[in-house]
Amino acid sequence: MPPAPRYWLMKSEPDECSIDDALAAPDATVAWTGVRNYQARNFMRDAMRVGDGVLFYHSSCAEPGIVGIARVASGTRADPTQFDAASPYFDATSRLDDPRWLLLDVQAVRKTRVLGLPELRAVPALADMVVLRKGNRLSVMPVEAAHWALIVGELLA
DNA sequence: GCCAACGTTGGC
DNA sequence: GCCAACGTTGGC
């Protein structure tokens, strides 16, 4: 069995939680609410471990791209927004005694320059990154160690 | 605002 | 279990 991925990319809409918001939070740590996709949830539940590296990505904004480095700071627990009827993430079919949606804590490590999509696409060694795949809609996805090394060690160094 | 791509739902 | 319709994501 291949080793579990140790690096991830997590998308956040900056209007909701930007890298600045995360850095300003107590302990620079935020609860990653709002994941409503089974594949993304399963990555969090089954594969992500405390200490794993995270590329903090801004989506649905003027300049989408990687904007910071973070780390996984907890295991998963129920996402309370699924039970909040006032939340856009409310899920009327999820049960308190069997929560469908999970979250984990993410701790921001540092803000970086914006490493935007056009720049990422221009690097041949990054061509098969999940985030660059056409039609990709995952909000939590694995990052290969070599891609992490190139991005964190060189492009954002 | 547009629209391609994708995941989910639900009828059959 | 199939698959068309629908809703959502997210870049542009």
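The figures here come from the full heavy-atom set of this structure, side chains too, leaving out hydrogens, waters and symmetry mates. Every chain is numbered from 1, with letters handed out A, B, ... down the list of sequences.
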K.L.:
For the pair made of CG in A:N136 and P in C:dC12, what is the distance, rounded to whole Å?
P.N.:
12 Å
K.L.:
When the distance from CD of A:E13 to C1' of C:dT8 is rounded to whole Å, what number comes out?
P.N.:
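Going from CD in A:E13 over to C1' in C:dT8 covers 11 Å.
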K.L.:
Following the transitive rule for hydrophobic clusters with a side-chain heavy-atom cut-off under 4.5 Å over Ile, Leu, Val, Met, Phe, Trp and Tyr, establish whether A:V50 and A:L104 coincide in one cluster.
P.N.:
no
K.L.:
What integer distance in Å separates A:L132:CG from C:dT9:P?
P.N.:
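These atoms are roughly 20 Å apart.
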K.L.:
Would you mind listing the cluster partners of A:Y38? Hydrophobic ones only (ILVMFWY), side-chain contacts under 4.5 Å, chaining allowed.
P.N.:
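Once heavy-atom contacts under 4.5 Å are chained together, A:Y38 belongs with A:W101.
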K.L.:
How is A:L138 classified with respect to the nucleic acid when contacts are heavy atoms under 4.0 Å: base, sugar-phosphate, or nothing?
P.N.:
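Counting heavy atoms under 4.0 Å across all strands, the contact made by A:L138 is with sugar-phosphate only.
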K.L.:
From the set B:dA4, C:dG11, B:dG7, return the single nucleotide nearest to any side-chain atom of A:K134.
P.N.:
B:dA4
K.L.:
I'd like to check the ring-ring contact (aromatic ring centres under 6.0 Å, His included) partners of A:Y57; sequence neighbours left out, ordered by chain and number.
P.N.:
none
K.L.:
Which residues within residues 87-95 of chain A lie with some heavy atom under 4.0 Å of an atom in DNA chain C?
P.N.:
none
K.L.:
Rounded to the Å, how far apart are A:H58 NE2 and C:dG11 P?
P.N.:
12 Å
K.L.:
Between C:dG10 atom P and A:E16 atom CD, what is the distance in whole Å?
P.N.:
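A:E16 atom CD is separated from C:dG10 atom P by 11 Å.
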K.L.:
Establish, from distance only, whether the side-chain atoms of A:T81 and A:D79 form a donor-acceptor pair under 3.5 Å.
P.N.:
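Short answer, yes.
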K.L.:
Picking from C:dG10, C:dG11, B:dT8, which would you name as closest to the side chain of A:K11?
P.N.:
C:dG10
K.L.:
Sequence neighbours excluded and cut-off under 3.5 Å, please list the side-chain donor-acceptor pairs for residues 138-155 of chain A, or say none.
P.N.:
unit_1: A:H147; atom_1: NE2; unit_2: A:A125; atom_2: O; d: 3.1
unit_1: A:H147; atom_1: NE2; unit_2: A:D128; atom_2: OD1; d: 3.2

K.L.:
Nearest whole angstrom, please: distance from the C1' of C:dG7 to the CZ of A:R36.
P.N.:
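So the two atoms are 16 Å apart, to the nearest Å.
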K.L.:
Near DNA chain B, counting only heavy atoms under 4.0 Å, which residues of residues 112-128 of chain A show up?
P.N.:
none
K.L.:
Would you mind reading off the distance between A:R133 atom CZ and C:dG11 atom C1', rounded to a whole angstrom?
P.N.:
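It is 17 Å, rounded to the nearest whole Å.
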K.L.:
Residues two or more places apart in sequence or in another chain: which of them pass salt bridge (Lys or Arg N to Asp or Glu O under 4.0 Å) with A:D91?
P.N.:
A:R100
K.L.:
Check whether any side-chain N or O of A:Y57 sits under 4.0 Å from OP1 or OP2 of C:dT9, and answer yes or no.
P.N.:
no
K.L.:
Do the two ring centres, one from A:F56 and one from A:W32, sit under 6.0 Å apart?
P.N.:
yes
K.L.:
Determine the minimum heavy-atom distance between A:D105 and A:A31, stating which atoms define it.
P.N.:
OD1-CA, 3.5 Å
K.L.:
Of all the heavy-atom pairs spanning A:S59 and A:P14, show the shortest one and how long it is.
P.N.:
O-CD, 3.3 Å
